[in-house]
Amino acid sequence: MSLTLTSSSLALEQTLSCLHKCSKEVELKQVHAHMLKSGFFHDPYAITKFLSFCLSSTFSSYAQDVFLNDLDRPDTFLWNLMIKGLSSSDQPETSLLLYHRMLSSSAPHNPYTFPFLLKACSNLSAFQETTQIHAHLTKLGYANDVYSVNSLINSYAVTGHFNHARLLFDRIQEPDLVSWNSVIKGYAKAGEMDTALTLFRTIPQEKKKNAISWTTIISGYVQAGMNKEALQLFHEMQNSNVPPDKVSLASALSACAQLGALEQGRWIHSYADKARISIDSVLACALIDMYAKCGDMEEALGVFKDVKKKTKSVQVWTALISGYAYHGLGGEAIRRFTEMQKTGVKPNGITLTAVLTACSYTGLVEEGKSVFYTMERDYNVKPTIEHYGCMVDLLGRAGLLDEANRLVQKMPMKANAVIWGSLLKACQIHRNIELGERIGEILIGMDPNHGGRYVHTANIHAMGGKWDKAAETRRLMKNKGVVKVPGCSTISLEGTTHEFVAGDGSHAEIEIIRSKWRTVRRRLEENGYVPELEDLLLDLADDEEREAIVHQHSEKLAVAYGLMKTKPGTTIRVMKNLRVCKDCHKVMKLVSKIYKRDIVMRDRTRFHRFRDGKCTCGDYW
DNA sequence: TTAGGGTTAG
């Protein structure tokens with residue numbers, strides 16, 4: 001008897017080890033059939049192992065089928081196993097479905113189910129379901145179960161209902177750290193950073209803030225676009241004896257990427273190396289994105305190459321492709337896109353947005369069209385407004401304004417301000433005054449408090465010589481009290497960021513900088529420079545006045561400062577909040593040649609790298 | 001059994 005048992009359990013263990021090698025559904029089916037035939041499906045241990053494997057790999061719907069069809073009256077443990085597994089699968093809604101099945105079965109309920117269910121609600125961002133489950137667990141008498149309450153707080157937090165979360169939090173006699181972190185998340189998610197920070201500061205010392213607490217507040221600031229504050233908190237975290245883990249690092253890297261803070265980003269990278277924190281897919285993404293957005297594509301590629309093949313997820317590939325896109329390296333982006341597919345990684349909607357952006361920025365019209373019109377068939381991704389946006393931009397930049405406009409008319413969703421904005425820009429570049437004026441009016445209607453809308457509309461009127469209309473638009477803007485965001489450029493030197501705002505003289509060394517700029521300008525003029533005033537369609541009387549304005553542009557002052565303060569041959573890195581104007585672009589090309597300097601300039605949407613009189617954008621931007 | 005992260009069109 002004991003011999004039989006041993007051999008049968010041996011057989012089971014062998015079968016289970018086969019199970020773990022299954023990567024295709026046919027293979028899984030074979031193991032499944034074998035287990036049924038051998039009677040293993042009467043053994044709860046075997047069933048648990050089988051379902052757990054399916055749920056943790058790509059076979060969660062297979063697990064669901066087996067569970068519902070093959071099992072005779074599963075117990076509460078198995079129901080919970082299924083609900084847990086499905087809650088973090090790619091179809092969390094099936095978890096809720098199973099819960100309703102469980103209720104109509106004879107399996108007795110227990111409080112263990114609820115945190116899993118609420119996890120599914122969080123993953124679905126489902127507020128209605130959260131309230132239903134809340135009501136149900138109250139009715140069943142689990143309203144004081146700490147795990148359930150914390151999960152409820154989290155679900156309300158994730159769905160943006162911080163008041164619901166707070167109400168529950170305030171009723172807890174002594175909230176644990178999970179409760180604190182969850183309620184803070186609620187405020188952070190809703191952008192209520194003042195309250196989030198106040199609560200964060202109120203966490204009692206004995207609860208001992210952990211890396212999760214810190215990351216919650218840091219990533220809250222990042223999501224609110226308050227990146228400087230995020231990095232300040234990251235520094236505070238390091239002084240507080242809570243070592244950052246990979247999740248904290250990824251959040252801080254996001255802040256660096258947005259700020260263009262290359263030095264701090266590099267520091268985080270070397271910290272991860274020193275602390276022997278392995279670079280997983282998410283950290284790799286954050287690093288590649290940081291280096292790319294800070295203008296260092298070589299380093300971004302270095303990180304990408306060091307990532308192990310198994311870790312090269314679609315997101316990691318997408319981060320690299322996006323980097324090439326906004327560096328204007330369309331050919332390289334497409335090459336990587338092809339390479340990615342050869343390794344068996346399928347693109348998602350975001351990857352395709354990046355590829356289309358790359359085509360748009362490089363003028364690869366046919367390549368872009370081919371991807372756009374086959375994406376649903378080839379990649380099973382339905383075009384979203386972002387993809388249409390890329391296409392409108394691609395066609396518009398290339399001068400195919402009618403085609404772009406037709407696409408806007410026939411797309412299945414309503415055009416938003418981004419789409420109209422990109423079409424208006426194309427009208428300016430290609431001097432289609434009539435269409436541009438119509439779009440300008442639409443945009444002002446959509447965004448009456450956005451200064452840029454009025455400025456662009458006034459400019460297109462001016463371009464058509466309609467000075468009275470241009471003046472009227474500016475007057476309208478003034479009357480409404482709307483102000484234009486001023487152009488602002490920054491340059492980082494030895495860890496200090498210097499800021500220059502157009503026409504503003506607040507920098508301590510402004511007089512020397514202006515004088516330096518006059519010297520630069522003279523050298524440019526000796527080399528044949530003539531100002532490019534086309535972009536500056538202000539209704540000013542004469543060219544002299546317009547020239548004076550163009551020479552106060554913030555990026556010129558930043559570069560002049562860079563030339564003053566850095567050694568010959570050093571790359572000058574400048575960031576601008578708006579798009580670079582034609583004259584500044586021309587000037588940068590000349591400076592790069594005459595002063596033998598590489599200039600890397602990040603503007604609102606992309607990078608320009610100037611070297612020896614040329615720019616990587618090929619003057620197509 | 002409960003809490004934190006990355007890639008997206010102007």
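All of these numbers come straight from a predicted model, not from anything done at the bench. Below, chain A is the first sequence line, B the second, and so on; all start at residue 1.
Set against B/dT8, B/dG6, B/dG10, the side chain of A/K425 has B/dG10 as its closest nucleotide. In the set B/dT1, B/dG4, B/dG5, the nucleotide with an atom closest to the side chain of A/K246 is B/dG5. Residue A/N348 places its side chain closer to B/dT7 than to any other of B/dT2, B/dG4, B/dT7. Side-chain proximity of A/V247 to B/dA3, B/dT7, B/dG5: nearest is B/dG5. Nearest nucleotide to the side chain of A/C390, out of B/dT8, B/dA9, B/dG4: B/dA9. Here B/dG10 is the nucleotide among B/dG4, B/dG10, B/dT8 with the atom lying nearest to any side-chain atom of A/D393. The side chain of A/A250 sits closest to B/dG5 out of B/dT1, B/dG5, B/dT7. Which of B/dT7, B/dT2, B/dG10 sits closest to the side chain of A/R397 comes down to B/dG10. Of the candidates B/dT2, B/dG10, B/dG5, the closest approach to any side-chain atom of A/N150 belongs to B/dT2. Closest to the A/V282 side chain, of the nucleotides B/dT8, B/dT2, B/dG5, is B/dG5.
Remark: the A/D176 side chain and the B/dA3 base include no donor-acceptor N/O pair separated by less than 3.5 Å.
Distance CD1 (A/I277) to C1' (B/dG5): 13 Å, rounded to an integer number of Å. Remark: P of B/dT1 and CG of A/N110 are 12 Å apart, rounded to the nearest angstrom.
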Any chance you could lay out the side-chain contact (heavy atoms from CB on, under 4.5 Å) test for A/S151 and A/K119, step after step, and finish with the verdict?
CA-CA 7 Å; A/S151 299; A/K119 179 87 189 168; over 6 Å; no
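Phosphate contact (OP1/OP2 of B/dG4, side-chain N/O of A/N154, threshold under 4.0 Å): present. Not one side-chain nitrogen or oxygen of A/K185 sits closer than 4.0 Å to the OP1 or OP2 atom of B/dT2. Of the side-chain N and O atoms in A/K119, one or more sit less than 4.0 angstrom from OP1 or OP2 of B/dA3. Contact annotation: A/R606 side-chain N/O to B/dG10 OP1/OP2 distance is not under 4.0 Å. Look at A/Y361 and you'll find a side-chain N or O under 4.0 angstrom from OP1 or OP2 of B/dG10.
Contact annotation for A/Y326: backbone-only contact, meaning every heavy-atom pair under 4.0 Å involves sugar-phosphate atoms and none involves a base. Residue-level contact check: A/I385 touches the bases, meaning some heavy atom is under 4.0 Å from a base atom. Within 4.0 Å (heavy atoms only), A/R604 reaches no atom of the nucleic acid at all.
A cation-pi arrangement, defined by a distance under 6.0 Å to the six-membered ring centre and an angle within 45 degrees of its axis, is present between A/K209 and A/F200.
Using the six-membered ring where Trp is involved, A/F337 and A/Y379 have ring planes that are perpendicular, over 60° apart on the 30 and 60° scheme.
Taking a cutoff of 4.0 Å between a charged side-chain nitrogen and a carboxylate oxygen, A/E403 and A/K369 qualify as a salt bridge.
Around CD of A/E206, the count of heavy atoms belonging to other residues, nucleotides or ligands within 6.0 Å exceeds 12.
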